[in-house]
Amino acid sequence: MNRTLLLIITTIAIIACGCTRQQPSDPRLQRLTLSVDTGPQAAIDSLAAIDPATLGDFDRHYYNFLTVKARDKAYIVHTSDSLILDVINHFGRSPKMTEAIYYAGRVYSDLGDYPTALRYFQDALDRISDDQLQLKAKIVSQTGRLLNHMRLYDQAIPYIKQSITIDEMVNDSINLPLDHQLLGDCYWRNKQYETALHHIKTALALSNTAVDSALMETYISSIYYKLGNLDSSLTYIRTSPSRAHYLDRDFIYAEAASIYVGANMPDSVKKYADLLISNPRGANATTGYLCLLNPAMKHLTDNDSIDSYLTKYIRLAENKYDLQNSQSVIIQNSLYNYAVHEREAQRQSEANTRLKGWLRSITITILILTIAVLYLKQRNSRYIIRLQTSLQELERLNARIAAEEANATEAIPYMPTTVDIADIPQQISNELAIIEARTDKNPTLPESVTGSKAFQDLQQMMQQGQPLKTECKLWQDLRNTVTEAFPEFQNTLYRMSGGTIKKDDMDLAILIKLGATPIQLAKLLCKSPGTITYRRRQLLAKLAPEQESVSRLDPLIRHI
């Protein structure tokens, strides 16, 4: 049995571990996991040399995950969501799930489906744990970058600030200047130039490479130009283009050409404008043509060239307009798809809520029924125990009375009767009938009671029909008198009642013990005869089955 249980536990543990695997079993993938962050292009080449068909189920999906991650880090634009969706559908509860969802956001960001990208970024933030600070910094930074791209500057700024805070916490010297640069770009596009200048200068002070410095100096130059400080603007822009990274050159050339137009430096304008128009697929070719068509450039350009520039500018402007319309259509379509998805998600959520409501109601109902059954069983058990105790006390009482009537010199040993549970009520009734049938219905009270001042005061009050008020000191004297004369009286009543007897019940029993009749009880307690009958019946129900006649109470109390 123990070996079987151990086997079951081991199997469950293995399954649980398999469901939450974080690392692949293939050593090649293990090595690539460690190197993909620092050498993404090398990781891509290594992944290309691995045949996914030779991998196990988890490793094959992990291979797809590393492929998406390496391409993203190598700045390769994602063109399909099939790999990342396959990864997400397989990872389930894996600790890598949060990172996979983050890269799903990166994929959809490249695909232009911004609402879906934002949804994945937010889902990743909802799942992320406290110890994944660096991943959290990436998520909030990319969320801010995407919102900035969508021109939602006020919404982007808090995310970028959060990323900067995390960078500072983990001493990330690589991403900290980039995030300051991103925040400065956001303020720059939002025309908050002074704040933008502060963050770009901070980024420049923290930058590690000349490439990063070139881009940041271009931002600073552009901001000074917007602020009207042309000298400072020219100081920062002079060397930036020569140090620009190839991915930043188009932007830097465009800013340089625009600044030199404002500075009336046509030779420099033509230099950078020619570089811009030499790349007609660049995002800023229209800026190059626009600078060359500036009136200040007339002396450097013949009429035929001007006509050619104007024609190409118009064509590029139209293409750019069409592209913007296409992007707008993509965004609108994404928003529509997102709205459809949200409606479906809302319907599913409402259905789940209703299902959870039914399950909750059923669970609560079962719980209530279980509690009720357990309560009834416990109450029934307590009732049976009380009846058994009551029967034992009655049998012991009858044995004592029989010994007293026989003038026995020694106590007759009490031998409890073995009775079935179903027969206990009838046996109790029989014992009560024996007590009720005793020739001496009213046992003589001992002299310690009849000679006491408390008893005499009670007799006087009963003769005169006076009430015995609750706060009267005589009550305590009567209790003390009965306790001294009959030490087991109160304990016997407690045992027979199963501890349910209360102070009012005990006081009523004391008066009955001292010989008070129902009529005298009504006068002493200032109650109607009907109320006294009810209270006597309630007291008897606590000492015996409820169906017993109330006439059996007084003989029972007086014989105890």
Side-chain angles (χ1 to χ4, degrees), residues 33-40 69 72-75 95-106 109 117-118 120-224 236 240 243 245 247-248 251:
T33 299
L34 300 175
S35 63
V36 67
D37 290 307
T38 55
K69 182 176 180 178
D72 189 76
K73 287 188 169 294
Y75 300 103
K96 283 289 185 182
M97 185 63 167
T98 302
E99 191 175 3
I101 291 174
Y102 159 70
Y103 282 109
R106 287 289 304 119
S109 179
L118 288 174
Y120 275 111
F121 286 148
Q122 192 59 57
D123 189 9
L125 283 177
D126 292 339
R127 292 168 176 262
I128 202 160
S129 59
D130 295 336
D131 60 343
Q132 295 177 291
L133 283 177
Q134 290 184 328
L135 178 58
K136 185 175 183 179
K138 291 180 183 178
I139 299 170
V140 293
S141 178
Q142 287 296 325
T143 303
R145 190 177 299 276
L146 184 56
L147 290 169
N148 184 35
H149 183 71
M150 296 171 68
R151 301 181 182 181
L152 299 173
Y153 307 118
D154 292 335
Q155 290 80 0
I157 288 171
Y159 285 99
I160 306 171
K161 285 183 175 180
Q162 188 178 2
S163 180
I164 290 173
T165 300
I166 298 174
D167 292 339
E168 292 172 343
M169 289 173 60
V170 299
N171 295 318
D172 190 341
S173 60
I174 296 176
N175 287 310
L176 182 58
L178 297 178
D179 283 333
H180 272 290
Q181 174 198 316
L182 176 59
L183 185 57
D185 178 76
C186 193
Y187 281 117
W188 175 62
R189 295 178 185 276
N190 205 28
K191 296 181 172 55
Q192 296 174 262
Y193 298 122
E194 295 289 350
T195 308
L197 185 62
H198 165 73
H199 286 285
I200 297 296
K201 284 190 172 182
T202 301
L204 180 61
L206 296 170
S207 63
N208 300 309
T209 65
V211 172
D212 293 338
S213 299
L215 179 60
M216 296 170 193
E217 288 172 2
T218 302
Y219 273 112
I220 294 173
S221 176
S222 178
I223 293 170
Y224 274 129
Y236 279 96
S240 298
R243 294 179 286 114
H245 188 273
L247 291 175
D248 301 326
F251 168 75

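- In this structure, I139 CD1 and D126 CG are separated by 10.0 Å, a value rounded to the nearest 0.5 Å.
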Report task. Could you walk me through whether Y224 and L197 pass the side-chain contact (heavy atoms from CB on, under 4.5 Å) test, one step at a time? Result -> CA-CA 8 Å; Y224 274 129; L197 185 62; 4.0 Å; yes

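- Y187 places a side-chain heavy atom less than 4.5 Å from the side chain of I157.
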Requested in this report: Check the pair K69 / D37 against salt bridge (Lys or Arg N to Asp or Glu O under 4.0 Å), numbers first and verdict last.
Outcome: CA-CA 9 Å; K69 182 176 180 178; D37 290 307; 3.7 Å; yes

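- Residues Q142 and S109 are not in side-chain contact: their nearest non-hydrogen atoms beyond the backbone lie 4.5 Å or more apart.
- Contact annotation: the side chain of N190 approaches that of D154 to within less than 4.5 Å [non-hydrogen atoms, C-beta and beyond].
- Using a 4.5 Å heavy-atom threshold, the side chains of L176 and I164 count as touching.
- Within 6.0 Å of the CD atom in Q134, the count of heavy atoms belonging to other residues, nucleotides or ligands does not exceed 12.
- Note that the CZ atom of R145 and the CZ atom of R106 stand 8.5 Å from one another [nearest 0.5 Å].
- Here the side chains of L147 and L118 are in contact, with some heavy-atom distance below 4.5 Å.
- In this structure, CG on L146 lies 6.0 Å from CZ on F121, to the nearest 0.5 angstrom.
- One finds the CD1 atom of I128 at 7.0 Å from the NZ atom of K136 (value rounded to the nearest 0.5 Å).
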Requested in this report: Using the side-chain contact (heavy atoms from CB on, under 4.5 Å) rule, take I166 and S163 through it: C-alpha gap first, then chi angles, then the decisive distance, then the call.
Outcome: CA-CA 5 Å; I166 298 174; S163 180; 5.8 Å; no

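- Within 6.0 Å of NZ on K138 lie more than 12 heavy atoms contributed by other residues, nucleotides or ligands.
- For S222 (side chain) and T218 (main-chain N/O), no donor-acceptor pair under 3.5 Å exists by modelled atom type.
- Here the closest heavy-atom approach between residue Q181 and residue I200 is recorded as O-CD1, 3.5 Å.
- Between H180 and A203, the shortest heavy-atom distance links the atoms CB-CB, 3.7 Å.
- Rounding to the nearest 0.5 Å places CG of L125 at 5.5 Å from OG1 of T143.
- Nearest heavy atoms, I223 versus Y193: CG2-O, 3.6 Å.
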Query - Test side-chain contact (heavy atoms from CB on, under 4.5 Å) applied to E217 and R243, step by step - result: CA-CA 10 Å; E217 288 172 2; R243 294 179 286 114; 2.3 Å; yes

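- Between F251 and Y219, the ring planes lie tilted relative to each other; the angle falls in the 30° to 60° range.
- Within the model, atoms CG of L183 and OH of Y159 stand 15.0 Å from one another, a figure rounded to the nearest 0.5 Å.
- Proximity of Q132 to E99: side-chain heavy atoms (C-beta onward) are nowhere separated by under 4.5 Å.
- Across all non-hydrogen atoms, the minimal contact from M216 to P177 is CE-O, 4.0 Å.
- Side-chain atoms of L206 and S173, non-hydrogen and from C-beta on, never get closer than 4.5 Å to each other.
- I160 approaches C186 most closely through the heavy-atom pair CD1-CB, 4.2 Å.
- In this structure, L182 and S141 have side chains that are in contact, with non-hydrogen atoms separated by less than 4.5 Å.
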Report task. Determine, step by step, whether N148 and R189 satisfy the side-chain contact (heavy atoms from CB on, under 4.5 Å) criterion, reporting the C-alpha distance in whole Å, the side-chain angles of both residues, the deciding distance to 0.1 Å, and the verdict. Result -> CA-CA 8 Å; N148 184 35; R189 295 178 185 276; 3.7 Å; yes

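- Atom NZ of K73 has more than 12 neighbouring heavy atoms from other residues, nucleotides or ligands inside a 6.0 Å radius.
- What you find for L135 and Y102 is that their closest heavy atoms are CD1-CD2, 4.1 Å.
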